[in-house]
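Quick note on labels: first sequence line is chain A, next is B, and so on, each numbered from 1.
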Amino acid sequence: MAHIVTAFDEDLVQVQARISEMGGLCEELLSKSLECVQARDTDLARVVIERDRALDLMEVALEESVVKVIALRQPVAADLRVLIAAMKIASTLERIGDLSKNIAKRAIPLSAATHGRVTTSIVRMGRQTLVQLSDVLNAHAARDVDLAVQIWNQDYEIDEMYNAIFREVVTYMVEDSRLIGMGAQLMFIAKNLERIGDHTTHIAEMVYYIVRGKPIGEERPKGEPAGVDFIRA
Amino acid sequence: MSKALEIWLALAAGALMAAAVAVPLPPLLAFAIGAVLAFALARLPGRRRAVSFATPEPGAEPPGAAAVEAEARESREMSSAFAQDLVERLPTPLLIIAQGGRISFANSAARAALPRIRSGEHFAGVIRAPAFVEAVNATFADGGERTIEFTTLRDQERFFEARVARLPETGSFGPERQVIVRVDDRTQARRAEQQRSDFIANASHELRTPLAAIIGYVETLQHHARDDPGARERFLGIMAREAGRMRRLVDDLLSLSRIEMHEHLRPSEQWSLNQIAFESATALLPVAEQQGVHLRVEVPTGGAPVAGDRDQLAQVFANLVDNAMKYGGKDAVVRVFAAPPSKAFPNRVGISVSDTGPGIPREHVPRLTERFYRVNASQSRNKGGTGLGLAIVKHILNRHGGRLEIASAPGEGSVFTVWLRPAEAGPAGEAVATEERAPAEADQRIA
């Protein structure tokens, strides 16, 4: 009997280790894609695009092993929650990887001509997003509910950064129509980062769910979308 | 196995292990560790047979002797305890990871460098950098040694270098195959490098403006304003103001670089946050009077203790109150008070600094803690700001694992709240926490 319990325990440890590893890869993809934007490095962008595949494979492998553990061990209560949350977190991380890959892709056309000031703002927003992702992965590894709730409530800061960049980019595009192509790319990069921020809050919700066994169950504070009233006709 | 051979074997194995562990250590030290091991192993009386760093070959053991087996187990336990003692005492952070990924041992230096580390947990929960994970897995697979670099982000970025090597299968750390990892924190060196370039960039850019003004006025005074006493007075006044700004800027840059240098080291001393806020804010009362600002310090005594650097936390409140007074303007009301518990920051201790100033438009709020970011550059310069006050606050809070919450809207003033994790209840923490004092809000209220 004791042996069965230990083997199951080992299964759970391995599933969570795979989540941490996927998380580590996500952090790397995001941080490298930001480097692409900052340093206009197209070679690195191709590396990031290639590397995202490993993340997809990890997700498939993780899903398979979770299904196997559920089928073989028929877990209940907290153990079941850990496994269900693992599946959801894995698919969220896979999406974060896709968004990072997309940022790297957009960095390639940007490398020809980049607007220094906007790039700085975007990289800054990206660093903040990366910190949030790291925090939520730490919260998951350490089962730190307080940290998870804090991250969940804090995401509006990234929304606000997105809105500030939105205004900035639109202003430049209004001033000089030659910047529209580049501005559109920058806008999508910022939007991707904002989406990654939202995904981290989903992971935070999962951490809460694993520990407390219920959803956070409140409305998450969100930044108001920026209006376009500031543009002079 | 002859005794002489065995001593040599132990010596070699010890040196090998020490070499795997401590590559940059001088060879003499590695040899010394080997010698200590050899000596200790050779001294185990009557247990020579079982003491070996190589795996006992199956079938090679003497058949059926239960007594020999028991003896062997006992001696394995002794040498295992010795190996653990040895690793524990080495000053380099060392991890031993078992096949499958669980941490079988982390020495005290490793526990200090990576506070979240727990024996029995999977290493990826502590270090998930892909380079690290891949190196450990590869070393398990092929036995090769690897040196890799990786970064982690926990409150702030840290740089590490790790060396991974497979251990000979002695069973000292468990029955499975094991790898040993040396983790070196390279953050300080990297930071120093980064800071030097930051400092030069900042200093050259920000110091040039006041310097150009001073040079301009000096030239004017040397030439056509030479005999104009009125102009001379006025120009000297401007020069003194610009020079003062340069001095503040240099002071702030220096304190920022000092803070950044140690940002990855969490302070451990415990203090009452309320007390620090109170002292730091009341020290500014004369300045408030001079500027015609109503400074109200409404912090109760006591409160949960936090782990922190007293001087740095005092600087946080000084900067926040100073800003509030500066941007609140004459007749503004600046309040310093204990923040009510917030859902967004569960189980955190908070102190707020509010002002009745003009407020900050929301597009500026996310960027306030950036270095040299100013909502209104000329206004900030006139008020003697360096553009570094909130950057300093942010870096200090990073070091403490805390956050700065900013709530502001045009026309509604601003509230800056510092959130810190209460100190974990240790002996010192209890002493502070149990120090019962009546909530003496009224005593400390100074209007």
What part of [X] gets closer than 4.5 Å to chain B, counting heavy atoms only: side chain, backbone, both or neither?
X: A:I151; answer: neither
X: A:D144; answer: side chain
X: A:Q128; answer: neither
X: A:I158; answer: neither
X: A:Q16; answer: neither

Give the minimum heavy-atom separation between [X] and [Y], together with the two atoms involved.
X: B:R128; Y: A:G23; result: CD-C, 4.1 Å
X: B:G100; Y: A:Q14; result: O-NE2, 2.7 Å
X: A:D9; Y: B:R102; result: OD2-NH2, 3.9 Å
X: B:A124; Y: A:S20; result: O-CB, 3.2 Å
X: B:R116; Y: A:A141; result: NH2-CB, 3.6 Å

Task: Partners meeting salt bridge (charged side-chain N to carboxylate O under 4.0 Å, His left out) with A:E50 (sequence neighbours left out) - done: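 So A:E50 forms a salt bridge (charged side-chain N to carboxylate O under 4.0 Å, His left out) with A:R53.
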Open item on the list: Non-hydrogen contacts under 4.5 angstrom with chain A: give the residues of residues 134-142 of chain B involved, or none if there are none.
Closed with: B:E134
So [Y] and [X], do their side chains get closer than 4.5 Å, heavy atoms only?
X: A:V15; Y: B:H122; answer: no
X: B:S342; Y: A:Q150; answer: no
X: A:S121; Y: B:R367; answer: yes

Output the distance between atom [atom1] ([X]) and atom [atom2] ([Y]), rounded to the nearest 0.5 Å.
X: A:E160; Y: B:H364; atom1: CD; atom2: NE2; result: 12.5 Å
X: A:E21; Y: B:F132; atom1: CD; atom2: CZ; result: 11.0 Å
X: B:R421; Y: A:D146; atom1: CZ; atom2: CG; result: 7.5 Å
X: A:L137; Y: B:L153; atom1: CG; atom2: CG; result: 10.5 Å
X: A:T120; Y: B:E370; atom1: OG1; atom2: CD; result: 8.5 Å

- [ ] Tell me, for B:E121 versus chain A, whether the close heavy atoms (under 4.5 Å) come from the side chain, the backbone, both or neither.
- [x]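 For B:E121, neither part sits under 4.5 Å from chain A.
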- [ ] Could you tell me which portion of B:R118 (side chain, backbone, both or neither) has an atom closer than 4.5 angstrom to a non-hydrogen atom of chain A?
- [x] neither
Open item on the list: Can you tell me if A:R212 has over 12 outside heavy atoms packed within less than 6.0 Å of its CZ?
Closed with: no
Open item on the list: Treating A:E157 as the side-chain partner and B:E405 as the backbone partner, does any N or O pair qualify as donor plus acceptor under 3.5 Å?
Closed with: no
Task: Largest heavy-atom contact set with chain A, pairs under 4.5 Å, which of B:A131, B:P130, B:G125, B:A129 - done: B:P130
Open item on the list: Shorter than 4.5 Å, heavy atoms on both sides: which option in B:V126, B:I406, B:V133 has the most such pairs with chain A?
Closed with: B:V133
TODO: Under the side-chain contact (heavy atoms from CB on, under 4.5 Å) rule, collect the residues that match up with A:R81, sequence neighbours excluded.
DONE: A:A78, A:Y209
- [ ] Could you list the residues that satisfy side-chain hydrogen bond (donor to acceptor under 3.5 Å, both in side chains) with A:K191, not counting sequence neighbours?
- [x]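 If we apply the side-chain hydrogen bond (donor to acceptor under 3.5 Å, both in side chains) test to A:K191, skipping adjacent residues, the hits are A:E194.
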